Protein chains: 2
Amino acid sequence: MATRRERLREQTSAEIKAAALAQLREGGAGALSLRAVAVSIGMSPAGLYRYYPNRDALLTDLITDGFAALAQEVARARDAAKGDAFVAAALAYRGWALDHPHEFALLYGTPVPDYEAPESGPTSTASRQVGAAFVPPITEAWHRGTLKHRESTPALTTFAAAMGLPPEAAAVAFSAWTTIHGLVVLETFGHLAWLGENPTPLATSRFRALSEDLGIAPPEN
Amino acid sequence: MATRRERLREQTSAEIKAAALAQLREGGAGALSLRAVAVSIGMSPAGLYRYYPNRDALLTDLITDGFAALAQEVARARDAAKGDAFVAAALAYRGWALDHPHEFALLYGTPVPDYEAPESGPTSTASRQVGAAFVPPITEAWHRGTLKHRESTPALTTFAAAMGLPPEAAAVAFSAWTTIHGLVVLETFGHLAWLGENPTPLATSRFRALSEDLGIAPPEN
DNA sequence: GTTGCAGTGCGATCAGTGTTCACACATTCA
DNA sequence: TGAATGTGTGAACACTGATCGCACTGCAAC
């Protein structure tokens, strides 16, 4: 049973996070100032420290939420796909990154120096959900027997075992995810500006080719 | 003819850059403090502004140098390769990133908000040298006729024309570079920590597979 | 029902940041 | 020699994240 105080605390906590997220979306993590967050919710800067021990803790919360949002978006697109679910998932990954560049940068950009996310911490588990969102279409293809063989390594087989996957599927999933991420991160961070104004067709054709090359694409009906 | 003053200025400028680079390598761009740089070369903080108009200008200089160093390292490994020059280049790319994580983060990590590198600025041209370092083995494969066909797009054909490449080779180069970058950036930024202590065999096998799948790998003699 | 305690918020304050400005010194050139 | 230009300094400003002691409030036990 939530006492009045617990409810208020929960509410204030959410308000802080919402204000921080708004600031993040405007100017990125570098422009996120605790003081600005505090005044935007009508609070003293010092008061924030009753809710978050420091700035990093607040960012960690935002990171966790960001991974969850990205994973959910990818899974949603995958499940709603008419044709190739893998391509749909990849496009959703890219779309979320382009729609939320500052949040994406917080997730996959420059890591905080000397900060190593604890192996079982909230950010690590949330991060793995993103990769996992790409897996189902790949296991389906594995059951169909169309999956291209990829050499697996010890590291990957343990990973596969942990996720209850056949090693071949894990190797393919790893290839696929890192490949998609490469294109998306370069584009989102502005390193593909020389490609011109509309790189969407290029990305789409890349993802389709990837799906076919790896044998993930479902047969045309 | 360099006057005495010009020589001194050049020297001080280099000293500042060297001190900044040292700080960057220790704690990353976030921990690079102008004041610390100033005192480390025995100068007043304000004096730095005679050489760099602001902090971003100093970072821009470091970025330019970083791209050049990375491109040079990749090119060196490619030219010195005994077997597959493309795989050697990819491994050099990864090796440089792992050896200089903070510099790599400065190049390809979270971009500065609202900062868009001018199309013909020093950072843009330096950045393109990195991608270009991967091209020669691909054009060789194109001449051999082993290159896998990749669907090209208008954006890529203009790029190919600008670099004097056949569009097919440009499409393959683009695929290859983004794929390599995906693996490297995830590993360098710590998102593949769950892979265990030694991901090098995995990376190597990935690069070899990429080279073969794209038809870049030279025939075994 | 009062008393005491934990939770909550605030103002003042500290160390540190990038940056600016007026001033002093050194170098260069006429 | 004198004027102009370049170079470096110390003080200051407006920020930042963070800490501390003091007040106030909700709550729970006596």
Side-chain angles (χ1 to χ4, degrees), chain A residues 1-24 26-63 102 106 110-115, chain B residues 1-24 26-63 102 106 110-115:
Chain A
M1 190 51 203
T3 138
R4 168 177 158 79
R5 221 179 213 162
E6 279 166 341
R7 272 183 288 117
L8 280 181
R9 181 174 183 84
E10 190 73 19
Q11 188 174 323
T12 309
S13 218
E15 202 175 348
I16 292 174
K17 209 156 76 177
L21 183 60
Q23 293 234 349
L24 173 69
E26 266 191 38
L32 200 164
S33 144
L34 288 193
R35 303 177 110 87
V37 169
V39 306
S40 89
I41 63 166
M43 205 175 181
S44 135
L48 286 187
Y49 286 81
R50 298 284 177 197
Y51 295 85
Y52 290 95
N54 50 43
R55 204 185 104 114
D56 276 6
L58 178 52
L59 284 181
T60 301
D61 237 29
L62 293 180
I63 291 176
H102 290 131
L106 188 62
T110 309
V112 182
D114 299 333
Y115 176 76
Chain B
M1 188 52 200
T3 135
R4 167 178 159 79
R5 225 181 209 158
E6 280 166 342
R7 272 184 288 116
L8 281 181
R9 182 176 182 83
E10 191 73 20
Q11 190 174 324
T12 310
S13 217
E15 201 176 347
I16 292 174
K17 209 155 78 176
L21 184 60
Q23 293 235 349
L24 173 69
E26 267 192 39
L32 198 165
S33 144
L34 289 192
R35 301 177 112 87
V37 168
V39 308
S40 90
I41 64 166
M43 204 175 182
S44 137
L48 288 187
Y49 286 80
R50 297 283 177 202
Y51 295 86
Y52 289 96
N54 51 41
R55 204 184 104 113
D56 276 6
L58 178 53
L59 284 181
T60 301
D61 236 29
L62 293 179
I63 291 176
H102 290 132
L106 188 63
T110 307
V112 181
D114 299 332
Y115 175 76

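Within every chain, numbering begins at 1; the chains are lettered A, B, ... in the order of the sequence lines, protein sequences first and strands thereafter. All values reported here derive from a predicted model rather than from experimental measurement.
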Look at all strands and tell whether R55(B) reaches a base, only sugar-phosphate, or nothing, counting heavy atoms closer than 4.0 Å. sugar-phosphate
Identify the two heavy atoms, one from Q23(B) and one from V37(B), that lie closest to each other, and give their separation to 0.1 Å. NE2-N, 3.9 Å
Less than 4.5 Å apart, side chain to side chain, heavy atoms only: is that true for Y51(A) and E15(A)? no
May I have the distance from I41(A) (atom CD1) to dT8(C) (atom P), rounded to whole angstrom? 13 Å
Report yes if a side-chain nitrogen or oxygen of S33(B) is closer than 4.0 Å to either non-bridging phosphate oxygen (OP1 or OP2) of dG16(C); otherwise report no. no
What residues 7-19 of chain A contributes to the DNA chain D interface at heavy-atom separation below 4.0 Å is none
Would you mind classifying the nucleic acid contact of L58(B) as base, sugar-phosphate or nothing, using non-hydrogen atoms under 4.0 angstrom? nothing
R50(B) atom CZ is separated from dA22(C) atom C1', nearest whole Å, by 11 Å
Whole angstrom is fine here: how far is it from CZ in R35(B) over to C1' in dA12(D)? 11 Å
In whole angstrom, what separates N54(A)'s CG from dT19(D)'s C1'? 13 Å
Taking all heavy atoms of A29(A) and all of L24(A), pick out the closest pair and write down the distance. N-CD1, 3.4 Å
Minimum-distance pair of heavy atoms, taken over all atoms of A19(B) and S40(B): CB-OG, 3.5 Å
Take atom OH of Y51(A) and atom P of dG7(C), then tell me their distance rounded to the nearest Å. 12 Å
If you assign A46(A) and A36(A) each to the DNA chain D nucleotide with the nearest heavy atom, which residue ends up on the more 5' nucleotide? A36(A)
With rounding to the nearest 0.5 angstrom, report the CD1 to CG distance, I41(A) to L48(A). 5.5 Å
Would you say S13(B)'s side chain and E10(B)'s backbone share a donor-acceptor pair under 3.5 angstrom? no
Side-chain-base donor-acceptor pair under 3.5 Å for R5(B) and dT27(C): yes
d(CG, L34(B); C1', dG16(C)) in whole Å: 13 Å
Distance check needed: dT7(D) P versus L48(B) CG, whole Å only. 14 Å
Can you name the residues that form a side chain to side chain donor-acceptor pair (under 3.5 Å) with Y49(A), not counting sequence neighbours? none
Does OP1 or OP2 of dC27(D) have a side-chain N or O of T3(A) closer than 4.0 Å? yes
Rounding to a whole Å, what distance do you find between M43(A):CE and dT8(C):C1'? 7 Å
